[in-house]
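Every chain is numbered from 1, with letters handed out A, B, ... down the list of sequences.
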Number of protein chains: 2
Amino acid sequence: MTAPRIVPPATIGMLGGGQLGRYALVAARLMGYRTMVLEPDPNAPAGRVADVHLVAEYDDPDALRRLGDECEVVTTEFENPPAAALDALSRRTLVAPSPAAVAVAQNRIAEKTFLADAGLPVGPWAVVDHADADPAVEYPAIIKTARLGYDGKGQRLVDDPSAMRAAWRLLGGVPCVVEQALDLETEVSAVVARRADGGFAAYPIAENRHVDGILDLSVVPARVPARLADRAVGLAMTIADALDYVGVLAVEFFVVGGELFVNEIAPRPHNSGHWTIDVAQTSQFEQQIRAVCGLELGDTGTTRPAAAMVNLLGDLWEPDTPEWGNAVTATSALHLYGKSAARPGRKMGHLTAWGSTVAEAEVRALDARRALSSG
Amino acid sequence: MTAPRIVPPATIGMLGGGQLGRYALVAARLMGYRTMVLEPDPNAPAGRVADVHLVAEYDDPDALRRLGDECEVVTTEFENPPAAALDALSRRTLVAPSPAAVAVAQNRIAEKTFLADAGLPVGPWAVVDHADADPAVEYPAIIKTARLGYDGKGQRLVDDPSAMRAAWRLLGGVPCVVEQALDLETEVSAVVARRADGGFAAYPIAENRHVDGILDLSVVPARVPARLADRAVGLAMTIADALDYVGVLAVEFFVVGGELFVNEIAPRPHNSGHWTIDVAQTSQFEQQIRAVCGLELGDTGTTRPAAAMVNLLGDLWEPDTPEWGNAVTATSALHLYGKSAARPGRKMGHLTAWGSTVAEAEVRALDARRALSSG
């Protein structure tokens with residue numbers, strides 16, 4: 001299949017107005033595209049950077065009609081756009097990635113089934129969908145709702161079957177998966193881009209650390225053997241091909257016993273790819289625009305030997321003190337998303353540092369973050 | 001003097017809403033600043049990227065009052081902001097660069113007088129301000145209005161004193177300068193940044209080609225001896241210090257007989273620095289924000305061995321054809337400013353290409369531009 005080529009000043013649509021949408025829309029605008037975002041929050045990060053902000057619910061029929069009619073392609077930026085909205089859009093215009101691909105990533109049961117069917121490595125898991133479930137996994141295990149989970153929400157660590165069943169009830173008695181807790185050596189993620197014609201590009205993989213289920217730190221290059229890094233990219237490519245995926249795709253992996261297990265798929269640019277803004281030749285957001293528009297993909301090489309990105313959560317929020325200026329240096333960059341309401345766990349911004357080694361970049365990033373909250 | 005440090009989410013103001021303002025405001029927003037632009041054109045490039053767009057004349061008292069009261073610093077992006085507007089703003093808030101520094105660059109007589117007084121090299125020139133002027137310059141020469149000239153506007157090449165006097169009348173009989181036409185080997189420009197405390201950073205100098213008085217091509221690194229390149233940066237630093245300049249400053253030079261002559265000063269990011277968006281570690285626009293906010297200046301190193309930037313003028317304007325997609329490759333980037341009305345000579349966008357040598361980058365940029373208009 002040849003890629004349709006969408007060129008400026010065509011209009012690009014975005015379902016969702018968070019920071020991921022903001023970066024992608026800025027990239028699109030600077031390339032010369034007209035941009036339109038559908039987002040109910042009038043103060044959302046992506047709101048005022050788009051040419052048009054449709055302030056309406058994601059499933060508002062009038063807003064979807066306008067988005068579909070005015071945009072030559074519509075993409076998404078968050079985990080859980082309503083399937084009906086994507087379907088409605090895809091009857092009017094190109095939606096990339098496709099609703100089918102997004103649907104796989106929206107439901108952990110569909111996702112794991114897809115991965116297993118495609119022969120991709122996943123850890124031991126089972127469906128939990130009734131009160132007496134006794135799946136064949138070892139404990140401790142993690143029970144997760146099949147839908148609407150992100151940043152560690154909708155999941156519990158459980159030690160035995162009865163705790164698992166109690167957690168299932170606390171999670172609302174909705175369809176869940178239970179995953180055997182693996183003895184992780186580390187976590188890595190691959191951020192790749194694929195065009196409709198199969199054209200493919202991959203960033204160097206990131207090594208990630210989570211705290212309380214939320215990404216805390218990503219470093220590049222990941223400190224894993226080259227064989228594992230190559231395999232992560234290969235697996236992400238396999239997944240993208242199997243989904244006939246168009247856009248930027250992130251795949252999170254567990255590293256266990258020197259092998260990779262797919263943790264989950266994010267059908268969009270990813271928090272662990274934010275380092276690309278400052279330390280890659282092409283940011284993951286410009287890459288998303290290039291991919292969905294069928295343009296030549298950008299250079300995924302790095303501009304510095306090593307990078308480290310740390311998230312800035314609402315917990316530490318005390319901006320507008322001079323200390324915040326300390327995070328803007330010749331070896332680090334501060335990124336804030338313009339969110340007005342800080343809540344614990346809410347991603348308010350991030351900070352990327354770089355250096356000649358991962359260790360140096362990591363120390364710089366952590367020091368810079370520490371300086372922000374010690375003012 | 002220590003630099004006042006202005007940190008996010010403080011509000012940064014911009015007088016002028018063209019592409020230069022657009023890029024600087026995007027940089028500021030992505031760092032977490034709130035942004036406000038004063039620009040009479042509701043569809044100007046910088047209009048919808050700022051948090052607040054004050055649609056009013058540059059000298060509108062109410063708009064200036066609001067800009068001055070809400071912004072912790074106000075900067076400018078075009079050649080000729082009204083002096084009275086800058087003065088009104090500076091009574092309410094920090095204006096960077098200062099009105100005095102901008103004023104020097106706004107008037108060719110003041111500019112050349114300043115340069116000569118500071119002992120900086122300028123070509124032979126003289127003031128022309130009456131009908132019988134017979135200044136001591138050799139011909140051919142170029143007569144230029146002292147004020148409101150840019151992109152080759154307000155100037156004429158003249159071959160003798162009587163043609164010069166005729167041109168002076170045609171230019172409106174306003175104060176002018178006449179400059180001896182020099183036998184240029186080439187033209188170069190230095191883009192530098194200076195903070196209030198004297199902190200200084202310089203990009204590699206660019207080599208520029210003008211067509212019909214408008215910048216057509218900039219390449220980096222300039223193909224001049226290292227001694228000349230270093231001297232250009234040194235002269236720009238001298239100028240910035242002499243003006244107590246805060247912000248990004250561009251200085252254009254003629255290269256004549258292996259020596260540099262200052263052509264003119266631009267008190268803002270500059271067209272010949274657009275390559276920094278794609279091929280420098282820090283763009284000149286983020287650097288402008290860092291400088292006026294008193295933050296540590298960014299790394300001015302290059303991310304590729306060589307770059308070439310070509311302007312896209314309204315003359316070739318036929319967008320929305322698939323050929324425009326050809327300009328977006330792994331070795332080139334397309335930038336359009338979102339201007340709706342194309343006119344001959346109007347800067348609608350630019351295109352930057354890169355490569356392992358200047359020659360390679362230049363061929364790529366020129367080929368990409370040619371492809372745009374041969375669709």
With chain B as the partner, which of [options] has the greatest number of non-hydrogen pairs under 4.5 Å?
options	value
A:Ala50, A:Gly298, A:Pro45	A:Ala50
A:Thr329, A:Thr331, A:Asp278, A:Thr303	A:Thr329
A:Met31, A:Glu286, A:His335, A:Lys339	A:Met31
A:Gln281, A:Arg34, A:Arg22	A:Gln281
A:Leu297, A:Asp51, A:Thr282, A:Thr302	A:Asp51

In the structure I gave you, are the side-chain heavy atoms of [X] and [Y] within less than 4.5 Å of one another anywhere?
X	Y	result
B:Asn326	A:Arg5	yes
B:Asp299	A:Arg304	yes
A:Tyr23	B:Leu30	yes
B:Glu296	A:Val328	no
B:Leu334	A:Pro8	yes

Would you mind checking which part of A:Val26 comes under 4.5 Å of any heavy atom in chain B, side chain (CB onward), backbone (N, CA, C, O), both or neither?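 Side chain of A:Val26 only, per the 4.5 Å heavy-atom cut-off to chain B.
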
Proximal component of A:Arg48, with respect to chain B [non-hydrogen, under 4.5 Å]: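 Backbone plus side chain of A:Arg48, per the 4.5 Å heavy-atom cut-off to chain B.
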
Identify which part of B:His350 has an atom lying under 4.5 Å from any heavy atom of chain A, answering side chain, backbone, both or neither. neither

